Protein chains: 6
Amino acid sequence: MFVHNKRLQYTVRVSESNPGLANLMLEQFGGPQGELAAACRYFTQALGEDDPGRKDMLLDIATEELSHLEIIGTIVAMLNKGAKGRLAEGNEAEAELYRSITGAGNDSHVTQVLYGGGPPLVNSAGVPWSAAYIDTIGEPTADLRSNIAAEARAKIVYERLINVTDDPGIKDALGFLMTREAAHLKSFEKALYAISPNFPPGKMPVDPAYATKYFNMSQGDGDMRGSWNSDENFDYVTDGDQEVPADDDDGLPTVALSENDKSTLDAMALRTQSDPKVNPVTGVELGEEDGAALDKGV
Amino acid sequence: MFVHNKRLQYTVRVSESNPGLANLMLEQFGGPQGELAAACRYFTQALGEDDPGRKDMLLDIATEELSHLEIIGTIVAMLNKGAKGRLAEGNEAEAELYRSITGAGNDSHVTQVLYGGGPPLVNSAGVPWSAAYIDTIGEPTADLRSNIAAEARAKIVYERLINVTDDPGIKDALGFLMTREAAHLKSFEKALYAISPNFPPGKMPVDPAYATKYFNMSQGDGDMRGSWNSDENFDYVTDGDQEVPADDDDGLPTVALSENDKSTLDAMALRTQSDPKVNPVTGVELGEEDGAALDKGV
Amino acid sequence: MFVHNKRLQYTVRVSESNPGLANLMLEQFGGPQGELAAACRYFTQALGEDDPGRKDMLLDIATEELSHLEIIGTIVAMLNKGAKGRLAEGNEAEAELYRSITGAGNDSHVTQVLYGGGPPLVNSAGVPWSAAYIDTIGEPTADLRSNIAAEARAKIVYERLINVTDDPGIKDALGFLMTREAAHLKSFEKALYAISPNFPPGKMPVDPAYATKYFNMSQGDGDMRGSWNSDENFDYVTDGDQEVPADDDDGLPTVALSENDKSTLDAMALRTQSDPKVNPVTGVELGEEDGAALDKGV
Amino acid sequence: MFVHNKRLQYTVRVSESNPGLANLMLEQFGGPQGELAAACRYFTQALGEDDPGRKDMLLDIATEELSHLEIIGTIVAMLNKGAKGRLAEGNEAEAELYRSITGAGNDSHVTQVLYGGGPPLVNSAGVPWSAAYIDTIGEPTADLRSNIAAEARAKIVYERLINVTDDPGIKDALGFLMTREAAHLKSFEKALYAISPNFPPGKMPVDPAYATKYFNMSQGDGDMRGSWNSDENFDYVTDGDQEVPADDDDGLPTVALSENDKSTLDAMALRTQSDPKVNPVTGVELGEEDGAALDKGV
Amino acid sequence: MFVHNKRLQYTVRVSESNPGLANLMLEQFGGPQGELAAACRYFTQALGEDDPGRKDMLLDIATEELSHLEIIGTIVAMLNKGAKGRLAEGNEAEAELYRSITGAGNDSHVTQVLYGGGPPLVNSAGVPWSAAYIDTIGEPTADLRSNIAAEARAKIVYERLINVTDDPGIKDALGFLMTREAAHLKSFEKALYAISPNFPPGKMPVDPAYATKYFNMSQGDGDMRGSWNSDENFDYVTDGDQEVPADDDDGLPTVALSENDKSTLDAMALRTQSDPKVNPVTGVELGEEDGAALDKGV
Amino acid sequence: MFVHNKRLQYTVRVSESNPGLANLMLEQFGGPQGELAAACRYFTQALGEDDPGRKDMLLDIATEELSHLEIIGTIVAMLNKGAKGRLAEGNEAEAELYRSITGAGNDSHVTQVLYGGGPPLVNSAGVPWSAAYIDTIGEPTADLRSNIAAEARAKIVYERLINVTDDPGIKDALGFLMTREAAHLKSFEKALYAISPNFPPGKMPVDPAYATKYFNMSQGDGDMRGSWNSDENFDYVTDGDQEVPADDDDGLPTVALSENDKSTLDAMALRTQSDPKVNPVTGVELGEEDGAALDKGV
C-alpha cells in the first residue's frame, strides 16, 4: 500500500510563470520517456515478480518514480499557475488572451483551452500517454535490459530540458531528477548481471549456425568494419548484389492444404485474377484531359 | 535504396493451415516486439546517424529485419491460406464458417472478418501497430541500449511462440529468427562499448550528491539487500516511515507571480472554493433509498 | 512524496490459478474504468489544485487508488502465477501449452505470449491503457462531476466482475474495492456541493433564451414526457417534421472574405467542379460484367 | 432514421477568415469534450436503452448534438475558407505560404498541409478523435452521471473558446452551444433522480464495514477537514505514518498452486535469480571513463 | 440540422439473442470499415465542400450512413438484449455467467464486462474507433477516390458477415446495407468523373521524366508483365541486381551548414563515436555462461 | 528478402538547415498519407496475395515506397542536421536554444526535445504513425481501389509541401516523389480493371431493389441533381419531410427472447426505470445560486 507525504522529494522553486516552458516539461510528465512511464513500468514488474531481491528493488524505484512524477508535475503546475486563472476568469481582452496561448515561443493552447492550465498526462505535442510506451514482457533478462535503456533515455531528455531553461530552481530540480535516472540505471545493471548466465536472454538456446553471422545487407560505399561486425567476433557474410537464403534452401514458402481448401482457393483465384493479357481502359484514361469524350451523353 | 529478391531469407515450410496459430504469430509481425518495430527502429536511426560505422551497421540490420518481417508475414499468410478462401467464397454453411472463426483454440475472427485472412499489422489482440512502440531519441548511448533491450524482448517472444507450436517447419524458421535477435544484440553491445565513455549516457554530468544514493522507498517485511543497493555500491537511505526531501529543504513548491496573476488567482479561488464549514445536501442523499421524500411534487 | 508499505491495503487470498479470469480482472487494472485511471485522474487534479481542502482530499484518494491498483494487480498476478512459468520453462508438450492459452473460457493468449503472465496495463481485450480515458479539464465544478461519474462506473464494473467469479477470496477483495468507490463518490459529492453556486458549471452565465428549451429532435411513436422535458421544467419545442433554426434566423453560414481569397476560391471551384450537366462513363461501367468491351486491345 | 435539413440549428456569421482560430475551435469538433463525443455518447446509449423515457430523451439530445457538430464544424470551415484555396492553388510565393501556416498565433499547419483546410475530426493538437473518449458502460445510474459530467466539461471548454475570440458572430453561436450543454445537463439530472434509489449505483449492496471510512493516505502539513471527510459523514482513519491493511489481516497475497506449477515456478526462480551475494561487473563499469581498460584488444 | 425519425431506415428482425454474433457485427458499427467511419467521412467532407452538387450529395449520403449506423447498432443491441440483463441482475451462478461470456464461439467478454451489453464504438477486437480511420484530405479528386474505396471495403465486410450468420432477419438487413454501399460507390464515381480532368489528382503537373516509368524493384523468379507494367503503358526499368538512382546522379544526400553548426556537429561526432579500432568487452561477455569470472568479489 | 544500396533512389540536395520545415516534411514520413503507410500497405498485401501478377507488382511498388521513405526521411535528417547538435552539446545560451525550438515558423520542439533531431515516425503534429492508417482488407477489388485512393492522397500532400518551400533541391526531390504516386496510381488502375467483372466488388450480388435508389436524406434549399443522383442513373427517392423505411415495413426492431431472459430484463427495467411521473429535486437545484438553503447544517 502507498502512503503520501505532503512534502516533495525535492524542493521546487520556480522564478516565474511560463506556460510555453510548462508545455515542454510535459515530455517528462506524460511523455513516452517520462515519470509516469517509469513508475508504471517498475510497479507492474514488481507485482509480477517472484524473486525477492528484484521485487523489493522494483518497488523502491517505482515508488521513487511516483515521487518524481509529483516533482515534474508540480513544476508544470507552478509554471502554469499564472496562466491558469486568466482563461477561467476571462477578465482580459480576448485578443490578449488569444496571443497569450498561441504566441511565438508558446505552444500552450492545448494545455490551456483543453486542460485549463493543469498538468495533463500528455507529451509536449498534446499526445495522450499510452501504456504502449511500456515494453515489459515478464522475463527479467529482457525487462532489466529494457529498464536500463529507459533510464538512459530519461536521463537524456532531462539533459535537453535543462539546456533550454535558465530558471535556476527548475534547473536544480531537473538536475536531481536526471541524476537519479543514472543511479537507477546502475541498480538495474547490478540486478541483471547478478543473474548468471543472462545472455542469451531467456532459456532457449540459440542456433549456433546463425548466432555469429553478420549479414552485410546494405551495400555500397559506406560499408565499414568494426567490432560489431569484425571477423574477430562475427562470420561476415557478403555476397555482392546477390543475396541467398541463409539456410541455403530455395527460399520459397509452402503450405500443405486440404483438397477442399485448394479448390476453394482456385475458385477465388479465377474469380479475382488480374488478367495479364488485356489492356483495359481504366479510370486514368477517363480522368485525363481528354476523358470527356467518353461522356455517355455524347 | 532498397531492392527486393523474391526468395525469402529463410525458407518457410508450413505443414497445415491453422488460423488460430496464425493469429498468435501476429505478435512478431505487427506486435510491439515484432519485426516491423525492429526494422523501423533501426532504419530511422540510420537516417539520422552521422557516425559512419553505426550508420552502416544500422542499415545492415534494418534491412535484415525487413527480410524477417517478410518471413514472419509469410508464415501468417501460409497458416491463413486455407481459411482465406472460405469467407470470400462463402460456399459453406454459415454455422460452420461461424465456428471456424470463433471456435476454441482459435481467436481469429478479427483477422478473418476484418482482414480477410491477410497478414495485418496488428498484434494477436487485434491492436494496430503504433510508432509509439519505438523509443528512439536520437542519442547513441541511449538508442543502442534501447536496441539491446529490444533484441532481448524479441528473442523471448520468439521463444514463447516456439513453445506453442509443433509444426517443425515453423519451429525451424522461428528458431532462425530468434537466433538472429541474439546476434544483433551482440552487435549493438559492441557498438555501444566502442563509445567511450558511455556512462552516464549523454554529455551532462550527474550530481554527485545524488548519484549513488539508494532510497528505500518501499518498506516492511521483504526489504532485501544485494549489489543493486549494497553499501559497496550505494549510499542506502532509509528513514523509517518518515521520508524527508532529498535536498533537506522543506519540500514545498513555490512560484513567483505578478500582482495581476495573484489577484486573478485569488478571484478564482474564492469563486471555486469548496467551503469546509458547510455540510451540503448532495446527490448522494437525493439518490439514496429515501431520497424520494425530496420530490418537488410531494 | 510517496512511500510504499509492503502490506496490501486489503489481503488477497486466491484459491487457484486461472489465467482466463485473470484476463477479465485486467479491466480494473489497465481498463478505462480501472484503478490506474482513477489514481492518475485524482493525482493530476491534486497537482493543479489550489483549494487546500480539495487538494488534500484528492491526494488522499489518489493514494488510496494507487493502493487499489496494487490490490487488483496482485489478484491478476496470483491468478496468472501457475501459468507464468509454463511458457517460460517450456517443459510441456506444445499442443498442451497451445490449448492452455487459447482454450474455451480462456482468452489469455495476449497476456501470456506478449506479457509473460505479468499484469500489463491493458484491458481484457489487450488494448493498452491511454490517458485519453482521463477527462480532467482543470475546473472543479466539472472535474468533481467527472470524478463522481468515474466512481459510479468503477463501482459497476466491480459488480460485474464479482458476478463472474466464485472464488471467495477474490469476491471478498473485489467487494472491498467496489465499496470504496461508493465512499469516494460521496466525498466528491460533498466537495462539489460545498462550492456555491456550482450550477451552471464555470463562471460565464448561460443565455436565458435557450437555457430551458427542450428540442424534440427525435420524432414519431415513442415520444414521451417526464421531468427531463416536462413543461414544469422546460419549454418543449416540437415543430412537427419541419425544424427551424433556434435563433429564428435563416440558418445559413457566412464568412467575409478578402477579394484575393475570393478569386482564389473561385479558381479552385472552377477547377474542381463536378459538372452536373454531364453523365460521364466511370469505373463502375468499366468494371461491370460487360466492361471488357472497353478493353483497348479490342 | 435521420433526416437532414440544410439550415443550421443556429445561424453562423463569421467576420473574417482566421485559420489559427479555426484550429482552436477544433477542440469542440474532434476534441475529447466536443460535439462528436457528445453525439456518439448519447446515440449509442439510446440504441442499448430499453426504458422508453430515457431512450426518447437520449435520441432527442443525440440528434441535437449532431446538429451542434454541424454548427461548430461550419465555424471551422468558415474560418478556414480563405486559407483553403491558397495551398491548393499555390499561386503565392512559397515563403508567404510557409508563414501563413506556421506563423505566431497560428498553429494551423496540420489542418492545412494534411487536411487541406477542411474540418478534420482531431483536436487542436492534431490528435485524432477516439472512442476511448466515451465512457458509457451500459448502466443508467452510471451513464447518466457520466453524461452530466460530460455536459459540464463541454460547457467549460466553450466558455474558454468564447474568452479568446472577439468575433461577435462566433461568440454568439458559441454562446448558444454553451447554453445548450447546461440545458442537457439538467435533463440528465432529472432522468437520474427519477430512478429511485440511484445510490449506490447499480444493484449490488456495498460493504457497510468500509462504506463510510475515509482513509487519510496523504499526510503532513496540509491535512484538512470538510464535509468530504468530516466525522459527521465519515469514519476518519489516520494512523500516523504506519498504515495497516483495512481488513486488519496481514496484507500478504497468497494463491494455492498445484505441485506441478510449484515445481515449474521453482525451476524458473532458480534460473532467473538475481543473486544477492555477488557484486558483478556490469555495463556501468565498462562504460565509465576508465572502462577502456577492459578492451579485449589490450 | 438533423432530425430523427423513430422508425429505422430498414426493419430489423432478430430471431434470437447471440452475444458472440453481436460482437462480430461490431466491425460495421465501430470498426474501421463501419458506418460511423462512413458517416463521419462524408459529413466532414460536406462541411468543407463549396461545390453545390457534391455538398448536397455528401450530406444525403452522410445522413443515410447515420441511419445505417442506427440499423447495425440496433442489430448489436438486439443480439445482446438477452445477455444484457444477466450480468446486471447477477441472479445466476457465477460459473454459468463466466461461461456465457467466455465460451467457445463467443468472444463477448469485453462487450459484456466493460460495456454492459450495449453497442460500443469498438470493433470486434474491442479496439476503440479512431478518426485515424478517416483519410479525407480536403481535395475532391482524392477524397472521391477515397470514398469509392471505402464503399468497396464496406461492401466486402458486409458480405463476410452475411456469410457467417443464418438468422434470416439479420441476413436481410445486412443485405440492404451491403447493397447501399454499392449504390453510394456509383454516385461517388459519377461525381469524380464529372470533374474534368481528374487525373492526375490535384493541380500540379507531374514530371514527364518519371510519370510513366515502372521500376522492377523486386527481382527473381516471379517477375511478371501485364498492363500494369507493360511496354504499352510504361517504360519498364530493370537493371539486374544493381539499381541506380532514378536521376542518374550520385544518390548521396547533402546539406549546406553554417560553420557554427559544423563545429558543433564535429564535437558531437567525436564525443559519440563508436570507435572501429577497439574490440570492447561488453555486457554479452559479462552475461555469458562464464561471465561470473568477472565478479568483482572474486 | 531485401537488399539495401547506399545510394538514394533520388539525389537529395538541401540548401540549408531548417527544423521548422523538417517538421512539415514529417507528414510524408510518419503521417497518414506518407511513405511508411504506402510501403506497409503494399508489402502486406503482397504477402497475402496469390495472383502472380498482382503479387509481383505489389512487391515492386512496396520496395520503391521503402526507397521513397528513405528519401523523405533523408530530407528530414538533412533539414535537422544543424539543429541536432545544438541541444545535444548544449553550448549555447538557454534562451537562444529555447527560441530555436519554439519560435514563430518553427513548431519543432517535439522533434528536438523528444526525438533529438532525428526523423521520427510521427506526423507534423507529433502523432505517432499507426497501422490504423492502413485500410487493406484482403480482397483485391477493394484493396486496389484503396491503393488508387492512397496514391491520389499522397500526390496531393506532396503538392502542398512543394508549395511551401523554395529550396530548389527539396522541390526537385518532392517533385520526383509526387510524380511516382501518379505512376503507381496508374498501375493499380490497370490491375483493377484487369479483373473482370470488378463491380460490384467481391462475390455476393447486390439486392436489385435497392441498388439504384438514391435517397434524398438532406433536404431544403441546396438540393441539386447531377449524374450522381440523376434519373438517368438512379431512382431518386424524396418524400418531403417524412421519410419511410426503405423496406416499407414498420421500421421497428424486434428480437425473440427466452422467458428467462425476458423476466430478467423486466426486473432490470423495473429497478432502473426513470419514473416519468415524479419531478425530483436534483443536483441542479442544489447547485444553483440559492442551493445553500439545503445545507443540512441549516
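All of these numbers come straight from a predicted model, not from anything done at the bench. Here is how names work: the chains are called A, B, and so on, in the same order as the sequence lines, proteins then strands, and each is numbered from 1.
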Part of F/Phe43 within contact of chain B (heavy atom distance under 4.5 Å): side chain
Sub-4.5 Å side-chain heavy-atom contact between F/Arg86 and F/Glu96: yes
Winner by heavy-atom pair count (cut-off under 4.5 Å) against chain B, out of F/Gly283, F/Gly116, F/Pro119: F/Pro119
F/Asp56, part contacting chain B, at a heavy-atom distance under 4.5 Å: both
Parallel, tilted or perpendicular: rings of F/Phe2 and B/Phe2 (30°, 60°): perpendicular
Closest-packed option against chain F by number of heavy-atom pairs under 4.5 Å, given B/Ser67, B/Ala132, B/Gly117, B/Gly48: B/Ser67
Closest non-hydrogen atom pair, B/Ala46 against B/Leu58: CB-CB, 3.7 Å
All side chain to side chain donor-acceptor pair (under 3.5 Å) counterparts of F/Asn80, not counting sequence neighbours: none
Part of B/Asp50 lying under 4.5 Å from any heavy atom of chain F: both
Any residue of residues 34-42 of chain B which, by heavy atoms, sits under 4.5 Å from chain F: B/Leu36, B/Cys40
Chain F contact via B/Ile134 - which portion, at a heavy-atom distance below 4.5 Å: side chain
Contact class of B/Thr136 relative to chain F, heavy atoms under 4.5 angstrom: backbone
Winner by heavy-atom pair count (cut-off under 4.5 Å) against chain B, out of F/Leu69, F/Asp60, F/Val76: F/Leu69
Contacting moiety of F/Lys55, where chain B heavy atoms sit under 4.5 Å: neither
Residue-level contacts of residues 22-29 of chain F with chain B, using a heavy-atom cutoff under 4.5 Å: F/Phe29
Least distance between heavy atoms, B/Asn198 atom then B/Leu192 atom: ND2-O, 3.3 Å
Residue, of F/Leu59, F/Val113, F/Thr74, that accumulates the most heavy atom pairs under 4.5 Å with chain B: F/Leu59
Over all atoms of both residues, closest heavy-atom pair of F/Glu70 and B/Met1: OE1-N, 2.8 Å
Worked verdict on F/Thr282 versus F/Glu285 for side chain to side chain donor-acceptor pair (under 3.5 Å): CA-CA 6 Å; F/Thr282 72; F/Glu285 284 87 353; 2.6 Å; yes
Residue pair F/Leu47 / B/Gly73: nearest heavy atoms and the distance that separates them: CD1-CA, 3.7 Å
Heavy-atom pair count under 4.5 Å with chain B, highest-scoring of F/Pro120, F/Gly138, F/Ala77, F/Ala131: F/Ala131
Any side-chain heavy-atom pair of F/Ile137 and F/Asp143 under 4.5 Å: yes
Non-hydrogen side-chain atoms of F/Leu174 and F/Ile75 separated by less than 4.5 Å: yes
Proximity breakdown for B/Glu89 and chain F, heavy-atom pairs closer than 4.5 Å: both
Residues from residues 122-129 of chain F approaching chain B under 4.5 Å (heavy atoms): F/Pro128, F/Trp129
